[in-house]
Amino acid sequence: MSRLSESMKHELKQIQPSSILKFNQEISQIPDMVKLTIGEPDFNTPDHVKQAAIRSIENNESHYTNSRGTEGLRKAASKFLNDKYNVNYDPASQILVTTGATEGIFSSLTAMLNPGDTVIIPTPIFPLYIPIVALNGAKPIFLDTSDNGFILSPEKLQATIEANKDTVKAVVLNFPSNPTGVTYNREELQALADVLKKYDIFVLSDEIYSELTYGEHHVSMGELLPEQTVLLNGVSKSHAMTGWRIGLVCGPVDVITEIGKVHQFAITSATANAQAAAEEAFKNGPDDGVAMRKIYQQRRDLLLAGLKKAGFECANPKGAFYLFAKIPANLNQDSVAFCYELAKEAKVAVIPGASFGPGGEGYVRISYAASTDDLKKAVERIQKFVDQH
């Protein structure tokens with residue numbers, strides 16, 4: 001049998017399959033499980049969006065599209081982003097349609113990084129960035145934000161850049177945050193932008209949850225630092241379209257050109273009828289997420305109250321649909337062991353905080369993208385579990 005790439009062997013050995021998916025698969029075998037594990041809206045894609053995809057199929061739009069995405073989708077996305085977040089991207093040269101934000105992350109980091117580069121990653125964070133950095137021969141520098149309410153401070157950012165300024169190529173930001181639900185207001189984000197503009201480095205700003213904020217309007221790093229920001233967004237969370245796999249990468253013309261090359265060689269182009277659906281979502285459903293957001297907020301409040309009663313402390317969640325809850329001191333602080341105990345004894349599945357990098361141990365991530373009935377049932381079971389232990 002032929003051997004795998006010698007140049008990639010070291011990087012591949014460092015990477016393990018997703019611990020989140022592994023845990024979710026294992027506990028799925030337990031009957032009567034309330035699963036609060038995966039970050040996927042439990043709502044259906046809006047009907048007008050589905051009908052646009054059906055029309056696309058009926059019109060035989062079944063061929064390759066422009067590698068960067070259809071012109072109609074890029075124009076609709078440009079207007080949506082400008083209307084919502086005051087960012088200005090030329091649809092012809094500054095927007096790339098990807099197969100989900102996930103492919104956008106891969107193509108962006110692959111275009112940016114050289115072996116030996118470093119990437120600053122505030123944690124706890126969605127872990128996908130980490131293996132992609134490693135696959136490109138670069139090294140992550142983790143900044144544990146758990147001592148600052150899970151917010152990256154400009155002081156810590158600047159100190160870390162200065163200590164590694166010969167190698168730092170990029171900083172990753174993810175807000176509203178998976179897993180904490182924490183986000184940045186304009187003042188906090190401007191303070192980070194003021195640090196970053198001093199240096200010739202990229203900002204990979206993953207803002208896929210931008211339409212799911214509670215109490216504060218989302219501010220984009222693409223508005224504050226457009227020359228250095230590579231912005232990630234899409235329709236997965238805002239329009240309950242995770243399975244359609246349509247994401248966006250936006251940024252300076254020369255940067256998008258290079259990212260587009262990686263994207264083109266990896267996938268050629270996104271699916272035609274899915275692009276038609278996404279165009280409809282942006283063009284005629286810019287506020288489709290509002291009704292979902294109201295329900296998410298009600299669920300968040302229900303879950304917060306129940307967890308507080310059970311002795312959990314939570315980060316202040318102002319976005320996305322997650323709570324990052326600190327395990328009560330009298331219970332097992334090993335988050336993996338705790339989650340297996342909770343799944344087996346209480347039949348409630350949540351994700352170990354250790355899956356999200358430094359600062360995550362001792363916490364669990366709980367998704368409230370689940371029905372209100374399931375959340376009520378989960379709260380009752382968690383409270384009973386805590387009482388018994």
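Along the sequence shown, residues carry numbers from 1. This structure is a prediction, so every number in the text was calculated from the model and none was measured.
With salt bridges taken as basic N to acidic carboxylate O contacts below 4.0 Å, one links Lys156 and Asp147. Classification of Glu216 and Lys318 as a salt-bridged pair holds, one side-chain N sitting under 4.0 Å from a carboxylate O. Using a cut-off of 4.0 Å between Lys/Arg side-chain N and Asp/Glu carboxylate O, Lys165 and Glu162 are scored as salt-bridged. Classification of Asp287 and Lys84 as a salt-bridged pair holds, one side-chain N sitting under 4.0 Å from a carboxylate O. Of the charged side-chain nitrogens involved, none lies within less than 4.0 Å of a carboxylate oxygen, so that Glu279 and Arg74 do not count as a salt-bridged pair. Comment: Lys75 engages Glu71 in a salt bridge, judged by a side-chain N to carboxylate O separation of less than 4.0 angstrom. A salt bridge links Glu223 with Arg186; the closest basic N to acidic carboxylate O contact falls under 4.0 Å. Using a 4.0 Å cut-off between a side-chain N of Lys or Arg and a carboxylate O of Asp or Glu, Arg299 and Asp42 qualify as a salt bridge. For the pair Asp47 and Lys50, the salt-bridge criterion is met [side-chain N within less than 4.0 Å of a carboxylate O]. At a threshold of 4.0 Å, the pair Glu258-Lys261 counts as salt-bridged, since one of the basic side-chain nitrogens sits closer than that to a carboxylate oxygen.
Side-chain contact check for Gln228 and Tyr199: no donor-acceptor pair (N or O, by modelled atom type) lies under 3.5 Å. Residues His263 and Glu103 have side chains that bring a donor and an acceptor to within less than 3.5 angstrom of each other. In this structure, a donor-acceptor pair under 3.5 Å is absent between the side chains of Gln297 and Asp301. For Asn273 and Arg55, the side-chain atoms include no donor-acceptor pair closer than 3.5 Å. Side-chain contact of Asn284 with Glu280: a donor-acceptor pair under 3.5 Å is present, judged by distance alone. No hydrogens or angles considered: a donor-acceptor pair under 3.5 Å links the side chains of Asp90 and Ser93. Asp206 and Tyr129 share a side-chain donor-acceptor pair at under 3.5 Å.
For Phe356, the CZ atom counts as densely surrounded, since its 6.0 Å shell holds more than 12 non-hydrogen atoms of other residues, nucleotides or ligands. Heavy atoms of other residues, nucleotides or ligands lying less than 6.0 angstrom from CD of Gln333 number more than 12. Taking a 6.0 Å sphere around NZ of Lys198, one finds it holds more than 12 heavy atoms contributed by other residues, nucleotides or ligands. Atom CD of Glu345 sits in a crowded spot, with more than 12 heavy atoms from other residues, nucleotides or ligands closer than 6.0 Å. Enclosure of atom CD in Glu187 is not indicated, since only 12 or fewer non-hydrogen atoms of other residues, nucleotides or ligands lie within 6.0 angstrom. Summarising the local packing, CG of Asp254 is surrounded by more than 12 heavy atoms from other residues, nucleotides or ligands at distances under 6.0 Å.
Between Phe80 and Phe282, the ring planes lie tilted relative to each other; the angle falls in the 30° to 60° range. Ring geometry, Tyr214 versus Tyr368: the interplanar angle falls from 30° to 60°, so the pair is classed tilted.
For the residue pair Ile130 and Phe142, the shortest heavy atom distance occurs at CD1-CE2, 3.6 Å.
Separation of the Phe175 and His218 ring centroids falls under the 6.0 Å cut-off.
Exactly one of Tyr363, Phe126, Phe312 qualifies for a ring pair (Phe, Tyr, Trp, His ring centres under 6.0 Å) with Phe324. That residue is Tyr363.
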Derivation of the side-chain contact (heavy atoms from CB on, under 4.5 Å) call for Val172 and Ile120
CA-CA 6 Å; Val172 172; Ile120 295 174; over 6 Å; no
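Lys169 contributes atom NZ, which lies 9.0 Å from atom CG of Asp200 (distance to the nearest 0.5 angstrom).
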